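Proteins come first, then strands; the chains are lettered A, B, ... in the order of their sequence lines, and each starts at number 1. Predicted model, so just to flag it, every value in this text is computed and none were measured.
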Amino acid sequence: GAVVSQHPSWVICKSGTSVKIECRSLDFQATTMFWYRQFPKQSLMLMATSNEGSKATYEQGVEKDKFLINHASLTLSTLTVTSAHPEDSSFYICSARRDRGQPQHFGDGTRLSIL
Amino acid sequence: QKEVEQDPGPLSVPEGAIVSLNCTYSNSAFQYFMWYRQYSRKGPELLMYTYSSGNKEDGRFTAQVDKSSKYISLFIRDSQPSDSATYLCAMSAQSGNTPLVFGKGTRLSVIA
């Protein structure tokens with residue numbers, strides 16, 4: 001077990017549009033979920049950490065009003081990229097963790113292209 | 001000096017070879033060590049998860065952690081073309097309170 005589903009896998013939209021990405025832990029309850037961004041041939045960059053029922057903790061340099069995170073349940077977290085612009089185009093990946101002491105399990109990522 | 005150093009490769013080996021992938025790190029507080037495999041346009045897949053020093057084996061994969069040298073390794077035996085991917089090491093000081101620090105990943109190609 002430990003399956004994390006991320007949807008959509010690919011989205012193309014016009015500049016100024018808001019885009020919502022969903023991350024679900026399918027076979028376990030995740031007390032903590034994480035959102036990463038990955039540029040081509042680069043490693044993962046942590047954007048924010050969210051605990052169920054709490055406000056997300058954002059990494060330095062990540063605009064919380066730009067990247068809205070909601071972790072409403074133990075199996076679902078959403079990332080909304082508000083008023084997206086071409087520079088927001090990237091590969092966004094979520095991960096989920098059952099509890100402290102457990103490893104993170106990743107979704108398959110969302111490729112976001114803003115025209 | 002970066003916290004985690006990983007040779008980006010690319011590393012190309014013939015099918016059936018033993019592959020050795022490595023990371024070095026500078027933070028002596030790291031205690032949790034992971035190896036992830038990432039195929040192109042996919043999310044990372046957890047391969048191995050170890051705590052502190054020692055070895056761990058799972059099928060064709062063996063992970064080694066040497067905290068005294070701040071060095072971790074992943075060995076792949078009888079490598080297959082399907083093992084061709086990017087391998088990321090990751091580590092953290094405490095499992096809950098500190099974020100994962102990733103290496104940049106090593107691109108591996110196993111040639112049939």
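Here the side chains of A:R98 and A:T31 are not in contact, with every heavy-atom distance at 4.5 Å or above. Side-chain contact check for B:I111 versus B:S109: some heavy-atom pair is nearer than 4.5 Å. For the pair B:F33 and B:Y25, the minimum side-chain heavy-atom distance is below 4.5 Å.
With no hydrogens or angles considered, a side-chain donor-acceptor pair links A:Q6 and A:T110 at under 3.5 Å.
Judged by distance alone, the side chain of A:S18 and the main-chain N or O of A:S83 form a donor-acceptor pair under 3.5 Å. Within the 3.5 Å criterion, the main-chain N or O of B:Y87 finds a donor-acceptor partner in the side chain of B:Q6.
Partners of B:S53 according to the side-chain contact (heavy atoms from CB on, under 4.5 Å) rule, which considers only residues two or more places apart in sequence or in another chain, are B:V65, B:K67.
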Test side chain to side chain contact (heavy atoms under 4.5 Å, CB included) on A:F91 and A:W10 and set out the steps.
-> CA-CA 9 Å; A:F91 191 50; A:W10 193 11; over 6 Å; no

Before giving the answer on salt bridge (Lys or Arg N to Asp or Glu O under 4.0 Å), spell out for B:K104 and B:D7 the whole-Å C-alpha distance, their side-chain angles and the decisive distance to 0.1 Å.
CA-CA 8 Å; B:K104 284 199 168 183; B:D7 188 338; over 6 Å; no

ask   = Would A:Q104 and A:Y36 satisfy side-chain hydrogen bond (donor to acceptor under 3.5 Å, both in side chains), going step by step from the backbone distance to the final call?
value = CA-CA 12 Å; A:Q104 293 181 31; A:Y36 294 84; 2.8 Å; yes

Q | Trace of the side chain to side chain contact (heavy atoms under 4.5 Å, CB included) decision for A:C23 with A:W35 | A | CA-CA 9 Å; A:C23 180; A:W35 287 95; 3.7 Å; yes

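Scanning residues 44-62 of chain A against chain B with a 4.5 Å heavy-atom cutoff picks out A:L44, A:L46, ordered by number. Residues of residues 35-46 of chain B lying under 4.5 angstrom from chain A, judged on non-hydrogen atoms, are B:Y36, B:Q38, B:R41, B:K42, B:G43, B:P44, B:L46 by number. Chain A is approached within less than 4.5 Å, heavy atom to heavy atom, by no residue from residues 72-84 of chain B.
The minimum heavy-atom distance linking A:S15 with A:I114 is given by the pair CA-CG2, 3.7 Å. In this structure, B:K70 and B:N27 approach most closely via the heavy-atom pair CE-C, 4.5 Å.
When each of A:S95, A:S43, A:S9 is scored by its heavy-atom pairs under 4.5 Å with chain B, the top score falls to A:S43.
Electrostatic pairing of A:E22 and A:R24 counts as a salt bridge here, judged by a charged N lying under 4.0 Å from a carboxylate O.
Neither the backbone nor the side chain of A:F34 comes within contact range of chain B; no heavy atoms are under 4.5 Å apart.
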